Number of protein chains: 2
Amino acid sequence: MTSPHSRTLPQRGQSLTDQVMNHVRHSVVTGEMEVGRLYSVYQLAEQLGISRSPVRDGLLRLEEAGLIEFSRNRGFRVIPTSPHDVAEIFSLRLALEVPAALRAAHASTPALAATFNDLEAHMRSAAERGSLDEFFDLDQQVHDTILSAAGSNRVRGIVNRLRDSTRLLGVSTAGKERSLTEILGEHAPVIEAINAGKGQEAAAAMREHLTRTGQLLVSQAITAQHLDLDPDELWRDYTTGY
Amino acid sequence: MTSPHSRTLPQRGQSLTDQVMNHVRHSVVTGEMEVGRLYSVYQLAEQLGISRSPVRDGLLRLEEAGLIEFSRNRGFRVIPTSPHDVAEIFSLRLALEVPAALRAAHASTPALAATFNDLEAHMRSAAERGSLDEFFDLDQQVHDTILSAAGSNRVRGIVNRLRDSTRLLGVSTAGKERSLTEILGEHAPVIEAINAGKGQEAAAAMREHLTRTGQLLVSQAITAQHLDLDPDELWRDYTTGY
DNA sequence: GCAGCCACAGTAGCATGTTACGTGCAATTG
DNA sequence: CAATTGCACGTAACATGCTACTGTGGCTGC
């Protein structure tokens, strides 16, 4: 059971700890692991055919990131992402990524523009094919590239961590292909403004994009969890000031 | 040495892992551990008289927080905090804490005001006694309380993690007692505005406070590391847009 | 029927053995 | 003398044994 059989494809550089983290993240978005249900380190280690150490290490890091929660002597569970959480996360992204777009515009280069155009083309392709996984992956890359161009390396890490918490909602409920081309359409002005070096416009476009996406996800979270909340009011509560 | 003797006092809540994290943090600010030098898990475990597991766990979490860095099969080292890092960190805090001050003002209550006044009194006392440790501890509590009142729980975690990275600079170089009363004087308007429910004023005062502190720390970092940089220019580079 | 007690199962946390790998050094060779 | 290769050492990463603790369900007594 714990022997190193076929599954042990080490996949260069990728430590078992990282693999565990990816496995859990992936299992959550695919629904393989239920939110709220208790799991144990023992169980997961056996399932993956590895020992408890890397499993424990990975889970500890996921706990640090706020994705899971340990219940003392009972196991761990995936923390449900409430509409409040979604609103808070997007208020954060507004605070961080809107200024980053402005800064990225000021640091615009031809090489950067080429990267953006490339990413945009791929996104269009993914959207037409309706490939959700790929689309969201590219979406993240666009945002990451912007943050990188803005020289905000710490923000990159923070935003990437926040993304984990929202993705399970995003992928599971955003089944509308219409949303994909819509989101794509929101990216264009951001990229265009950055490439043109127009900071204020880039910031405004980014704000628009994040606001739309955030409001959409908040609404989806509310309906998915059968809650009786006013999405607009909730959104306003959390984004006031940002 | 490694046998389960008297040291096995269960000690509520405080796990060995946490103790390790605190030890490393403390050792860094006191200069007991040199920035950039290689240390090993083995070494540290023996020094603390515990096994490698909790040491490793704690260091892994510190790595996640960005305080240390593992070099595969070589050991770990404390990551140096460059003036650029300081500037980036404060640009982040500006983006997060200024809106939080505004939100806190909107959520002001008498109980909150009492907490603030209490903290302020303690800070004054600490400043007069020149107790740096205590002062910075209280400073952090003030900021934490503001974030808490603003309902930004994720921001609390993020800011607290950022603080670790700047503290080693702050404590080791900010030896001037003048700075303490100065910082204290900057807190007053923030607290006052929050208690009065005046959001805009609270935000402006927080911006002022963070700007001053950040610029001071950037300058200190530059001189401490004997670099030839213009603090104002560096500061402007990182805080544009925030 | 209810409350308190107790025994049980499962878990987190810690200790320690094991393995494979990166690094620097020294010996060897062209 | 310089470059290359082989080797020894120290380390991270992983595996696994162990123990104390805690929440849970069944049992007993009232």
Side-chain angles (χ1 to χ4, degrees), chain A residues 1-24 33-34 36-79, chain B residues 1-24 33-34 36-79:
Chain A
M1 209 67 64
T2 53
S3 66
H5 52 294
S6 61
R7 98 156 327 287
T8 328
L9 48 152
Q11 214 166 341
R12 53 173 187 79
Q14 189 88 313
S15 73
L16 286 182
T17 298
D18 293 329
Q19 288 181 28
V20 168
M21 293 177 68
N22 288 330
H23 175 84
V24 172
M33 287 181 82
E34 291 173 40
R37 182 174 156 187
L38 278 172
Y39 297 91
S40 82
V41 174
Y42 266 86
Q43 188 186 47
L44 190 58
E46 189 163 348
Q47 181 186 329
L48 296 176
I50 59 178
S51 83
R52 310 190 306 269
S53 295
V55 175
R56 179 179 158 77
D57 286 350
L59 292 176
L60 240 38
R61 292 177 69 155
L62 288 179
E63 185 199 27
E64 182 91 3
L67 193 73
I68 67 170
E69 172 188 51
F70 275 88
S71 186
R72 181 166 182 90
N73 292 332
R74 301 219 12 176
F76 70 90
R77 71 180 84 230
V78 178
I79 296 178
Chain B
M1 207 74 65
T2 53
S3 63
H5 52 300
S6 61
R7 95 158 332 291
T8 327
L9 53 153
Q11 207 163 346
R12 56 184 178 74
Q14 187 85 315
S15 71
L16 287 183
T17 298
D18 293 328
Q19 289 181 35
V20 168
M21 292 175 68
N22 290 330
H23 175 84
V24 172
M33 286 180 81
E34 291 174 39
R37 181 174 155 186
L38 278 173
Y39 297 91
S40 81
V41 174
Y42 245 100
Q43 189 185 47
L44 190 57
E46 189 162 348
Q47 180 186 329
L48 296 177
I50 60 177
S51 84
R52 309 188 305 269
S53 295
V55 174
R56 180 178 159 76
D57 284 352
L59 291 176
L60 239 38
R61 294 178 69 157
L62 288 178
E63 185 198 27
E64 181 90 5
L67 193 76
I68 68 170
E69 173 188 50
F70 273 88
S71 188
R72 181 171 176 96
N73 295 333
R74 300 221 12 177
F76 70 91
R77 73 181 83 227
V78 178
I79 296 178

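So that the names make sense, note that chain A is the first sequence line, chain B the second, and so on, each numbered from 1. As the structure is a computational prediction, the values presented were derived from the model and not from experiment.
In this model, a side-chain donor or acceptor of A:Ser53 finds a partner on the base of D:dA15 within 3.5 Å. Side chain A:Arg52 to base D:dG17: a donor-acceptor pair is found below 3.5 Å. In this model, no side-chain donor or acceptor of B:Ser71 finds a partner on the base of D:dT11 within 3.5 Å.
None of B:Leu16, B:Val20, B:Thr17 except one satisfies the side-chain contact (heavy atoms from CB on, under 4.5 Å) rule with B:Val55; the exception is B:Val20.
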Run the side-chain contact (heavy atoms from CB on, under 4.5 Å) check on A:Val41 and A:Leu59 step by step: do they pass? CA-CA 8 Å; A:Val41 174; A:Leu59 292 176; 3.8 Å; yes

Given the rule in the side-chain contact (heavy atoms from CB on, under 4.5 Å) test, do B:Asp57 and A:Arg56 qualify, once you have shown the distances and angles that lead to the verdict? CA-CA 9 Å; B:Asp57 284 352; A:Arg56 179 179 158 77; 3.4 Å; yes

Would A:Leu62 and A:Phe76 satisfy side-chain contact (heavy atoms from CB on, under 4.5 Å), going step by step from the backbone distance to the final call? CA-CA 11 Å; A:Leu62 288 179; A:Phe76 70 90; over 6 Å; no

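In this entry the distance linking CZ of B:Arg74 with C1' of D:dG10 reads 10 Å, nearest Å. One interatomic measurement links the two molecules: CG of A:Leu48 to P of D:dA15, which rounds to 11 Å at whole-angstrom precision. Atom CG in A:Leu60 sits roughly 15 Å away from atom C1' in D:dA13 (whole-Å rounding). For A:Tyr42 and C:dA12, the OH to C1' distance is 9 Å, given to the nearest whole Å. In this structure, CG of A:Asn73 is placed 9 Å from C1' of D:dA20, rounded to the nearest angstrom. When rounded to the nearest whole Å, the span between CD of A:Gln19 and P of D:dA13 equals 13 Å. Summarising the geometry, the separation between OH on B:Tyr39 and P on D:dG10 is reported as 18 Å, rounded to the nearest angstrom. B:Leu44 has its CG atom 15 Å from the C1' atom of C:dC14, to the nearest Å.
Contact annotation: B:Ser15 side-chain N/O to C:dA12 OP1/OP2 distance is not under 4.0 Å. Using a 4.0 Å cut-off, some side-chain N or O of B:Arg56 falls inside it from OP1 or OP2 of D:dA13.
Panel note: side chain B:Tyr39, backbone B:Val78; no donor-acceptor pair is recorded below 3.5 Å.
Contact annotation for A:Phe70: backbone-only contact, meaning every heavy-atom pair under 4.0 Å involves sugar-phosphate atoms and none involves a base.
When distances are taken from the side chain of A:Ser51 to each of D:dA12, D:dC14, C:dT23, the shortest belongs to D:dC14. Closest to the B:Pro54 side chain, of the nucleotides D:dC14, C:dC14, D:dC18, is C:dC14.
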